[in-house]
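Since the structure comes first, as C-alpha cells, the remarks are kept for the end.
Model, not experiment: these values are computed from the prediction.
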Amino acid sequence: MSSVLHEQMQGDFYTCNFEQKTGEGSIILNLGPQHPSTHGVLRIMVELDGEYILRAEPVIGYLHRMHEKMGEVKTPSQLMPNMGRLDYLHSMAWNWAYAGAVERLAGIEVPERAEYLRVIVTELNRVASHLVWLGAFLLDLGAFTPILYTFDDREHILDILQMVSGSRLTYSYFRFGGVAADANDEFFRRVSDFIGRLRKRLPMYKKLVEKNMILKYRTIDVGFIDADMCRRYGASGPVARGAGMNWDIRKSEPYSIYDRFDFEIPVEKNGCCMARYKVRVAEMSQSLNIVEQAMAAIPDGPILPAKAPRANFKLPPGEACFAVEASKGLAKVWIVSDGGKTPYRVKLRAPSFSNLSLFAEAAKGLLISDAMALLGSLDLVIPELDR
Amino acid sequence: MLDLFKDVEISLAVEQNPKKTGNAWLVIFPANSLVQAAKRLHEAGFHLEDISGLDMAEGYCASYCFDRAGQTGDNGRPQGRVCLRVFVPREEPSLPSISSIFQGAEWHEQEARDFYGLFFDGHPNLIPLLMPVGATERPLRKSPEVRKPWLALFAGSDSPQDLGRIAFAAPGFLPEQIAGPPPERVPLPDAAPGSPEAAQSPRETAQGATP
C-alpha cells in the first residue's frame, strides 16, 4: 500500500482526534461537508451504536473568510458590503447590527423615516428568511412540495427589497445614519399587497404541514433543548424561545423604534423541533403586523441626517456594541476604535455559531435521522457561523 | 451587580450607560477569579453571549459578555449586558477555561486560540476551529507600533471617568498619574446598586463633567 493511500485511510486531523475516544464496537460516521441536510459546508462527525448517536462533534470553518480581520483593515464604510455576506438569508439584520454599532460609537442620529424604512425591510427580510427555513426544513424531513410554495412567496419579498436596495440577496442597504435609497409609492403598494397575500397563505401552510402524521412523528418530542442548555451554550432566537425563554432583543433591549410597535413574542415551552417550528411560523405573522404598523406611521422626511458621515470619516476612540434580533437569534457587533481610519477591532457575534455549539449535547442518544431533524430545526446559515 | 461578586476578587467595576457602549456593567477581573465569577453568573441565571479577544499594549484581553436573557430586574425593566474582562500577559497568554460552567465557551475559546494564540487551561478539546489545521499565524495579533493601552480603547481617553460610573477599583489598578485625582472608590459592601435613581445621578454628573 502506498504511503499516501495509507495516510488517507487514517482520516484527517479531526477524524483522528475524534477517534481517540471511540469505544468498543461503535463506528464513526462523517456527515458532510457535502451532506445534503447540512445546507452548505458543515461537517458533523458522529460515533454510532447501531443507529443511535453516542457522541457528536461538528467541524466548522470550511467557509471561514476572516471578516473580523477585514474589519480591521477596511474603513467602516468599506466593510458594509461584508455584512450582506454573513447571514445571507437575513442580511438586513447584520447591516443593522454594524450600522448601529458605528452610530452608537460615533453618536450619529438616524432620521425618523430611515428608522421606519429599516424596520420595514428588516422585518420583510425576516419573513423571507423564515420562509426559506420552512421549505428547507420540511425538505430535510422528506416533504418536497412546501419549498416550492415558500420560494414562490419569498420571490415576492426579494422583488420588493430589490426595489429599494438594488440587490436580491446580499444587501448593503444601510448607511451610517440612515439608508441608501428612499422608497416610492409603488414599493409601499407592493408591500401591502404582499402582506395580504401571505396572510391568506399562512393558514394554508399550516394545514399542509401540521396535520401531516409523518411530520408530527418526526418533530414532536424530538430533539429536546431546554432553557438551561440555551443559557450554557448561549443559544438565542427561535431556539431559545422554543425552549420557553421569553427573550427577544426587540423587546428586552429595544433598539431603534421597536418600542412603538404592538407585537407579541411567540414562546413555546416544549423545546422540541415542533416547538421551534411553531415559534418561527408565529413570528412570520408578527413581523407582518410590525410592517403594517410601520407603513401606517411612516413620516415624510430625509433618509440621511444633515451631517451624514462621509466615506472617509474616522470613528472616535472608544468602544460600543450593538445587538439586534436576527432571524437566527442575537446578532451583535462589537467595535473598538483608537481614532484611526479603520476600527481597532470588530467582533461579530453570530447566532448560528452558538446555536450549533449545543448540537453535540442535544444529539446525544438520538437516532441519526432525528439528529438531522434537530439540525434542520436550528436554522443554520454556514457563512454566518464560519464568518 | 457587585452583590453577585461578593466573594470574587475584582480589579475594576464600572456601571456604564448602555445607550453609549451597549453594556450595563464592565467588570475587570484578575485571571484567577474568572471561573468563580462565571459560576456566580451561572447561578444567577445569566446567559453566555460571546467571548472575544483583543490585543492591547499591556497584553491580551479576553472579553466575556453575559446577558440576563429577557429576565426583568427589581425595577421591572430588562437587565442589561454584563461584560467581564481579563488581562493576560503577552509572554504567557494563558487563562482558565470557563467551559466546565458554560459549555458554549468551548468554541469561543477555540476561536480566541486561533485568532490570538491564547491558551485556555482546562479546555477539553483545544484544537483549531476556524483556522486551518497546522496554521501558525495568529491573524488578529497586532504589531507593537499600533497597539494601544486598554484605557484609551475602552474609555476613548486617558481618563477612567470616561468609562462610566466607577463603582469599585482595586488599589493601584487605575493609572493615577494620568487620571489626576483618584476616582470615586466605594468599598465593596456599600457599593451594592440601590435604587435606579441613586445609580443614575453620579453617572450623569460624571458625564456632564466631561467636555
Practice prompt. Measure the spacing between CZ of B:Arg147 and CD of B:Glu58 and express it to the nearest 0.5 Å.
Written response: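 Between B:Arg147 CZ and B:Glu58 CD, I get 11.0 Å after rounding to 0.5 Å.
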Worksheet item: Most heavy-atom pairs under 4.5 angstrom with chain B, which of A:Arg387, A:Met245, A:Met229?
Response: A:Arg387
Fill in: Greatest number of heavy atom pairs closer than 4.5 Å to chain B - which of A:Ala235, A:Gly339, A:Cys321, A:Gly100
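Maximum pair count with chain B is reached by A:Cys321.
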Leading residue by heavy atom contact count with chain A [cutoff under 4.5 Å; candidates [options]]:
| options | answer |
| --- | --- |
| B:Asn23, B:Leu163, B:Asn125, B:Ile101 | B:Asn125 |
| B:Ser157, B:Ala152, B:Pro128 | B:Pro128 |
| B:His42, B:Met131, B:Glu49, B:Glu106 | B:Glu49 |

Worksheet item: Parallel, tilted or perpendicular: which fits the ring planes of B:Phe115 and A:His64, with parallel below 30° and perpendicular above 60°?
Response: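 Because their plane-to-plane angle is under 30°, the rings of B:Phe115 and A:His64 count as parallel.
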With a 4.5 angstrom heavy-atom cut-off, could you sort out which part of [X] is near chain B: side chain, backbone, both or neither?
| X | value |
| --- | --- |
| A:Asp386 | both |
| A:Lys69 | both |
| A:Glu57 | side chain |
| A:Ile60 | both |
| A:Pro58 | both |
| A:Leu356 | both |
| A:Ser354 | side chain |

Practice prompt. Answer with yes or no after comparing the ring centroid distance for B:Phe29 and B:Phe5 against a 6.0 Å cut-off, counting only values under it.
Written response: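 Ring centroids of B:Phe29 and B:Phe5 are less than 6.0 Å from each other.
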Discussion item. Before we go on, tell me: are the rings of A:Tyr255 and A:Phe322 under 6.0 Å apart, centre to centre?
Written reply: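 Yes.
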Worksheet item: Any luck finding a side-chain donor-acceptor pair between B:Trp25 and B:Gln16 under 3.5 Å?
Response: no
Worksheet item: Between B:Ser97 and B:Ser99, does any side-chain donor sit less than 3.5 Å from a side-chain acceptor?
Response: yes
Worksheet item: Does A:Thr75 reach the main-chain N or O of A:Lys341 with its side chain, forming a donor-acceptor pair under 3.5 Å?
Response: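 Absent.
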Worksheet item: Quick one: does A:Tyr98's side chain have a donor or acceptor within less than 3.5 Å of a partner on A:Leu348's backbone?
Response: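 Checking the backbone N and O of A:Leu348 against the side chain of A:Tyr98, no donor-acceptor pair under 3.5 Å is found.
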